[in-house]
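Before any comments, here is the structure.
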Amino acid sequence: MNNEDLKKLQAVQKEILDEIVRICNKHDITVFLSGGTLLGAVRHKGFIPWDDDLDVCMFREDYDKFVNIVKAELADKYTYIDYNVEKDYAMCFAKIIKNNTVLLERNANPKVRNGIYVDVFPLDYIGDSPDAGKYANKLPVYKLLLLSKCHYRVVKRLSPKVKYGLKAIGLFYTKNRLKKNIEKCIKEIAKGEAKYCYEITDSGVDRAISKRYNVSDYAEIVKLEFEGSTYNAPSNFDNVLKALYGDYMQLPPVEARGNYHGIEILKFGEE
């Protein structure tokens, strides 16, 4: 992807972000910049120059509220998807997609609606119940099984032994059963005193609660500049970014920059 296309992609993603924020403000939902988008706001006051996606998050209670109202509120040029509305979509979080665009990543499922998008992550609580660790270990397995059942290309890149194991175990599960198991894990992980939180349903299938933020890091909201506008960020974004990236102000080596998501096809459509 050349730099011109990257800038156009980022502009569409910010456009989608503004639509999400509009809806959240209307319905008193608190949405935060998340992940690399939060890092970009802190370090660059906008996108990380080579970043090719945009992420936001909201606490689970706000996420559930958002899911219930977003389809009725979205402008016509956008579409909401999650695994309850898109049959072969296996991610455990939502996307807002701009219609008439195409964005296909190397690990994605070509059968799923693939347009320029913004990820919307639920920020789930991590409690201190005795069973939290047990369910945290189960969650990545169920996520990987769902990816396999939905024929995501990322599974093809696993070793033959792992692929065979997933296919064999998957015979005992329907997609709906896996979704229910994932939702049970989320609830069980949250039980007890919840001092911590994380996007435990993100696309990383090799972790659940190995990374975490303090709930207190989100106790207050600060406004950060991002591409000429200001958006919500957790008050203690320093702790959040250190938990994610360590020394986050240090730039990665040049060879580690660019096309992180493996974009293979990108089309902007017509306005």
### Query
Can the positive tip of K161 be found less than 6.0 Å from the middle of the six-membered ring of Y164, inside 45° of the ring normal?
no
Would you say the side chains of [X] and [Y] form a donor-acceptor pair under 3.5 Å?
X    : Y    : value
S129 : E188 : no
E15  : Y78  : yes
D18  : Y231 : yes
Y245 : D247 : no

Can you check whether [Y]'s main-chain N or O pairs, donor with acceptor, with [X]'s side chain at less than 3.5 Å?
X    : Y    : result
S216 : A219 : no
N232 : V31  : yes
N68  : D64  : yes
K149 : G170 : yes
K26  : E73  : no
N239 : D217 : no

### Message
Please evaluate residues R257 and D51 with respect to the criterion salt bridge (Lys or Arg N to Asp or Glu O under 4.0 Å), reporting the C-alpha separation (whole Å), side-chain torsions for both, the decisive distance (0.1 Å), and the verdict.
### Response
CA-CA 8 Å; R257 305 174 191 177; D51 202 3; over 6 Å; no
### Task
Take N181 and Y173 through the side-chain hydrogen bond (donor to acceptor under 3.5 Å, both in side chains) test and state the conclusion after the steps.
CA-CA 10 Å; N181 286 357; Y173 293 94; 4.6 Å; no
### Task
Under the side chain to side chain contact (heavy atoms under 4.5 Å, CB included) rule, what do C197 and R212 come out as? Steps first, then yes or no, please.
CA-CA 6 Å; C197 59; R212 60 181 67 185; over 6 Å; no
Tell me whether the centres of the aromatic rings in [X] and [Y] are closer together than 6.0 Å.
X    : Y    : value
Y213 : Y196 : no
F93  : Y83  : no
F47  : F226 : yes

Please tabulate, for the side chains in residues 112-122, all donor-acceptor contacts under 3.5 angstrom to protein atoms that are two or more places apart in sequence or on a different chain.
unit_1 : atom_1 : unit_2 : atom_2 : d
N114   : ND2    : N109   : O      : 2.9
N114   : ND2    : V112   : O      : 2.5
Y117   : OH     : E105   : OE2    : 2.5
D119   : OD1    : K95    : NZ     : 2.6

Side-chain contact, heavy-atom cut-off 4.5 Å: [X] with [Y]?
X    : Y    : result
Y142 : C185 : yes
C150 : Y89  : no
D202 : K143 : yes
L144 : L158 : yes
L74  : I23  : yes
S159 : V162 : yes
L146 : K175 : yes
R157 : N107 : yes

### Task
List the steps, then state whether side-chain hydrogen bond (donor to acceptor under 3.5 Å, both in side chains) holds for K195 with N214.
CA-CA 6 Å; K195 294 182 180 179; N214 297 313; over 6 Å; no
Do you know the tightest heavy-atom contact between [X] and [Y]?
X    : Y    : answer
L251 : H44  : CD2-CE1, 4.1 Å
R43  : P252 : NH2-CD, 4.3 Å
L244 : K211 : O-NZ, 3.1 Å
C92  : I182 : SG-CD1, 3.8 Å
S148 : L166 : OG-CB, 3.9 Å
V85  : K71  : CG1-NZ, 3.5 Å

### Summary
Under a side-chain separation threshold of 4.5 Å, the hydrophobic residues clustered together with I265 are V102, L104
Distance (rounded to the nearest 0.5 Å) between [X] [atom1] and [Y] [atom2]:
X    : Y    : atom1 : atom2 : answer
T79  : E86  : OG1   : CD    : 9.0 Å
D53  : L9   : CG    : CG    : 8.5 Å
R106 : H261 : CZ    : NE2   : 9.0 Å
L123 : E61  : CG    : CD    : 9.0 Å
D124 : I200 : CG    : CD1   : 4.5 Å
K187 : R60  : NZ    : CZ    : 9.5 Å

### Query
After noting the C-alpha distance and the side-chain angles of I20 and V70, does the key distance pass the side chain to side chain contact (heavy atoms under 4.5 Å, CB included) rule?
CA-CA 9 Å; I20 294 168; V70 63; over 6 Å; no
### Message
Assess the residue pair Y80 and D82 against the criterion (side-chain hydrogen bond (donor to acceptor under 3.5 Å, both in side chains)); give the C-alpha distance rounded to whole Å, side-chain angles, the decisive distance to 0.1 Å, and a yes or no.
### Response
CA-CA 7 Å; Y80 167 89; D82 64 22; 2.5 Å; yes
### Task
Could you walk me through whether K7 and E4 pass the salt bridge (Lys or Arg N to Asp or Glu O under 4.0 Å) test, one step at a time?
CA-CA 5 Å; K7 291 297 183 185; E4 181 182 352; over 6 Å; no
### Query
Which residues satisfy the salt bridge (Lys or Arg N to Asp or Glu O under 4.0 Å) test with D55, sequence neighbours excluded?
none
### Message
Could you go through K267 and T101, starting from their C-alpha distance and side-chain angles, then the distance that decides it, and tell me whether this counts as side chain to side chain contact (heavy atoms under 4.5 Å, CB included)?
### Response
CA-CA 5 Å; K267 296 180 181 180; T101 65; over 6 Å; no
### Task
Return yes when atom CG of N2 has more than 12 non-hydrogen atoms of other residues, nucleotides or ligands closer than 6.0 Å, and no otherwise.
yes
### Query
Do you know which of V240, L241, L224 makes side-chain contact (heavy atoms from CB on, under 4.5 Å) with P234?
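Running side-chain contact (heavy atoms from CB on, under 4.5 Å) over V240, L241, L224 with P234 returns exactly one hit, V240.
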### Query
Under a single-linkage definition using a 4.5 Å side-chain heavy-atom cutoff for Ile, Leu, Val, Met, Phe, Trp and Tyr, are L6 and V254 assigned to the same hydrophobic cluster?
no
### Task
Please assess K14 against E19 for the test salt bridge (Lys or Arg N to Asp or Glu O under 4.0 Å), listing each intermediate value before the final yes or no.
CA-CA 9 Å; K14 184 178 181 294; E19 175 69 359; over 6 Å; no
### Message
Test side chain to side chain contact (heavy atoms under 4.5 Å, CB included) on I189 and Y125; report intermediate values, then the result.
### Response
CA-CA 7 Å; I189 291 169; Y125 296 100; over 6 Å; no
